[in-house]
Amino acid sequence: MGLRFIFMLTRNDRTVADAEQHLETALAEGVHHIGFKDVGLPLNHLKKLNHSIKTGGATSYLEVVSLDRDSEIRSAKAAIEIGVDILMGGTHVEAVLPLLEGTGIRYYPFPGKVAGHPSVLEGSTEEIVASARQLASHEGVHGLDLLAYRSSGDIEALMSAVCQAIDKPVIMAGSICDKNRIATVRTAGAAGFTIGTAALDGAYPETETDLRSQLRAIMRDLAEVNNHVSDVPAKNLVASFAKFEETWSPRIAGRINDMLLKLVKLKGEFVWHYHTVEDELFFVHRGKMLMKFRDRDEVVNEGEFIIVPHGVEHCPVALSDICEVMLLEPGTTLNTGNATDERTVNELVQI
Ligand code: NI
């Protein structure tokens, strides 16, 4: 599974006043994980925000900022009242776990000792790893929220050590601000990371500083880091056939492993031939085709297809003035098979 990006509606560890507006932008850009903190906006406002996140089809996260036990308990109760999907942060696990029981909220506390605001992670790698192990041993702890970039030691070593020490997901929170850090977080084995301030301030490396461009840049970089690049737009057959006029000259419209998807316009009768090894699929997109065989003829109407097995002699004929046909066949297939005439095409053009 790929690394998950959690967009935090927060700046300097506080939920921003215009969170609702930024949320709209994020949802429109297809961000599916969105969080906020219990500091910065009143509870009823956070409730509305959470509702908008959920109705927008995203998963909601509340990250606890409070550091003392009593305020952490208050934050956990607020998370329950708000109805978030995931509660992140906090260190008083023994106090919070009983509250969360039966709520369905997934819990990702902070390993290690966290101090100050904005929060700083204190202690050695060994101490933080020991804390991570201890926390992860609780059944009600579903993962950890590691303030890796808020620690002063070897950050990469710390991230890897924590990810390796437990078999639950680890989210890296705080101060992730460029593609290098996203890549580092992935290499360490993290399940996700948060970005708030950098995107809201337009500080993520990208020419445009507005939030929409910033989120797009983060998701583009994340897709590259995750190796999830999918530059595969839908193609329209009518538009594709409109790109050429020539008949009996197949164009390559796509590749499926060793198979080619070809588009061809038929006019009149072709040449009798067979293919020694290749099977051919003919799908009639527009018009009507007659497939002649040595023993019989087969009419193929618009929206129908016919598969001609290798070795079978055939001769396609357009029954309409022009018949548009989509072919699916191995890349090695020559249009005239074992025959050769002036319509034999050795080098196909791609459209
Ligand atoms: Ni053929």
Side-chain angles (χ1 to χ4, degrees), residues 1-7 23-34 53-59 179 182 186 192 199 204 206-208 210-267 278-289 291 300-308 316 318-335 345 347-351:
M1 204 173 112
L3 194 62
R4 179 196 321 167
F5 160 46
I6 304 160
F7 174 48
L23 172 63
E24 257 181 56
T25 306
L27 288 173
E29 288 305 309
V31 179
H32 298 304
H33 302 272
I34 301 175
I53 294 173
K54 306 272 293 253
T55 51
T59 302
K179 189 181 177 185
I182 295 175
R186 173 159 172 82
Y204 192 86
E206 177 68 9
T207 331
E208 304 297 327
D210 64 284
L211 182 61
R212 188 178 307 271
S213 307
Q214 292 277 301
L215 292 174
R216 282 183 184 177
I218 293 166
M219 291 196 292
R220 176 201 62 212
D221 289 350
L222 175 62
E224 283 177 21
V225 167
N226 272 337
N227 210 2
H228 284 172
V229 177
S230 56
D231 185 17
V232 284
K235 290 190 178 177
N236 182 286
L237 276 181
V238 174
S240 299
F241 275 108
K243 287 182 181 171
F244 65 101
E245 292 297 328
E246 210 181 334
T247 55
W248 301 114
S249 178
R251 299 297 200 267
I252 297 173
R255 289 171 197 280
I256 309 112
N257 293 334
D258 295 334
M259 305 285 286
L260 288 181
L261 195 150
K262 301 173 184 173
L263 304 182
V264 63
K265 292 187 175 180
L266 318 187
K267 190 178 176 70
E278 298 99 348
D279 299 340
E280 283 190 298
L281 180 147
F282 295 74
F283 167 80
V284 176
H285 167 63
R286 201 150 66 179
K288 192 183 268 201
M289 180 179 78
M291 188 60 84
V300 188
N301 292 298
E302 202 165 284
E304 295 181 341
F305 67 89
I306 186 167
I307 296 169
V308 180
L319 290 182
S320 47
D321 176 36
I322 295 284
C323 179
E324 294 180 349
V325 174
M326 184 171 86
L327 302 166
L328 187 58
E329 56 195 27
T332 51
T333 313
L334 186 64
N335 66 333
V345 183
E347 295 291 329
L348 300 192
V349 176
Q350 183 137 5
I351 53 163

Check: Do V325 and V300 come within less than 4.5 Å of each other through their side chains, counting heavy atoms only?
Finding: no
Next item on the list: Flag yes if more than 12 heavy atoms outside K54 fall under 6.0 Å of its NZ atom; otherwise flag no.
Entry: yes
Checklist line | Pairwise side-chain contact, I256 with L328, heavy-atom cut-off 4.5 Å (strictly under) | finding: yes
Next item on the list: Would you check if the side chain of D258 reaches a backbone N or O of P330 as a donor-acceptor pair within less than 3.5 Å?
Entry: no
Check: Is the side chain of N236 donor-acceptor paired with the backbone N or O of A239 at a distance under 3.5 Å, no angle test?
Finding: yes
Notebook entry, point to check: So, the side chain of K265 versus the backbone of C323: is there a donor-acceptor pair under 3.5 Å, distance only?
Noted result: no
Notebook entry, point to check: Any donor and acceptor pair, going by atom type alone, linking the side chain of E208 with main-chain N or O of S213 inside 3.5 Å?
Noted result: no
Item checked: Candidate pair R251 and V264, rule side chain to side chain contact (heavy atoms under 4.5 Å, CB included), full reasoning -> CA-CA 6 Å; R251 299 297 200 267; V264 63; over 6 Å; no
Check: Between atom CD1 of I307 and atom CD of E280, what is the distance when rounded to the nearest 0.5 Å?
Finding: 11.0 Å
Margin query: Tell me whether the count of non-hydrogen atoms from other residues, nucleotides or ligands lying under 6.0 Å of CZ in F305 goes above 12.
Written below: no
Notebook entry, point to check: Within a strict 4.5 Å, meaning less than it, do heavy atoms of the L261 and M326 side chains meet?
Noted result: yes
Margin query: Run the side chain to side chain contact (heavy atoms under 4.5 Å, CB included) test on T59 and I34 for me, step by step, so that the C-alpha distance in whole Å, both residues' side-chain angles and the decisive distance to 0.1 Å come before the verdict.
Written below: CA-CA 6 Å; T59 302; I34 301 175; over 6 Å; no
Next item on the list: Could you go through the salt bridge (Lys or Arg N to Asp or Glu O under 4.0 Å) check for K262 and E329 one step at a time?
Entry: CA-CA 8 Å; K262 301 173 184 173; E329 56 195 27; 2.6 Å; yes
Notebook entry, point to check: Is the count of non-hydrogen atoms from other residues, nucleotides or ligands lying under 6.0 Å from H285 atom NE2 greater than 12?
Noted result: yes
Checklist line | I252 backbone acceptor or donor facing Q350 side chain under 3.5 Å | finding: no
Item checked: Minimum heavy-atom distance S249-F244, with the two atoms named -> O-CE1, 4.3 Å
Check: For N301, does its backbone N or O pair with a side-chain atom of E304 as donor and acceptor, under 3.5 Å?
Finding: yes
Margin query: For a 4.5 angstrom cut-off between non-hydrogen side-chain atoms, does D279 reach V308?
Written below: no
Margin query: Under a 3.5 Å distance rule, please check whether R4 uses its side chain to pair with a backbone N or O of G2 as donor and acceptor.
Written below: no
Notebook entry, point to check: How long is the gap from CD1 on I218 to CG on L211, to the nearest 0.5 Å?
Noted result: 8.0 Å
Note to self: Any heavy-atom pair between the side chains of K179 and L222 that's under 4.5 Å?
What the structure shows: no
Notebook entry, point to check: Taking W248 for the side chain and K267 for the main chain, is one N or O donor matched with an acceptor at less than 3.5 Å?
Noted result: yes
Checklist line | Minimum-distance pair of heavy atoms, taken over all atoms of V345 and P250 | finding: CG2-CD, 4.2 Å
Notebook entry, point to check: Can you find a pair of side-chain heavy atoms, one from D221 and one from F5, that are under 4.5 Å apart?
Noted result: no
Check: Hey, are the side chains of L263 and I351 touching, using non-hydrogen atoms and a 4.5 Å cut-off?
Finding: yes
Item checked: Sub-4.5 Å side-chain heavy-atom contact between L27 and T25 -> no
Margin query: Return the OG to NZ distance between S320 and K288, rounded to the nearest 0.5 Å.
Written below: 9.0 Å
Check: What distance separates F283 CZ from E302 CD, expressed to the nearest 0.5 Å?
Finding: 8.5 Å
Checklist line | Distance in Å, F241 CZ paired with I322 CD1, rounded so as to fall on 0.5 Å steps | finding: 11.0 Å
Note to self: The test is salt bridge (Lys or Arg N to Asp or Glu O under 4.0 Å); show your working for E29 and R216 and say whether it passes.
What the structure shows: CA-CA 7 Å; E29 288 305 309; R216 282 183 184 177; 2.6 Å; yes
Note to self: Please give me the minimum heavy-atom distance between P316 and L266, naming the atom from each residue.
What the structure shows: CB-CD1, 4.2 Å
Check: How long is the gap from CZ on R220 to CG on L215, to the nearest 0.5 Å?
Finding: 12.0 Å
Next item on the list: Check for a donor-acceptor pair, side chain of H33 on one end and backbone N or O of V31 on the other, with a separation under 3.5 Å.
Entry: no
Margin query: For T332 and E278: C-alpha separation, side-chain torsions, deciding distance, then whether side chain to side chain donor-acceptor pair (under 3.5 Å) applies.
Written below: CA-CA 8 Å; T332 51; E278 298 99 348; 2.7 Å; yes
Next item on the list: State, to 0.1 Å, how close G30 and M219 come at their nearest heavy-atom pair, and which atoms those are.
Entry: O-SD, 4.3 Å
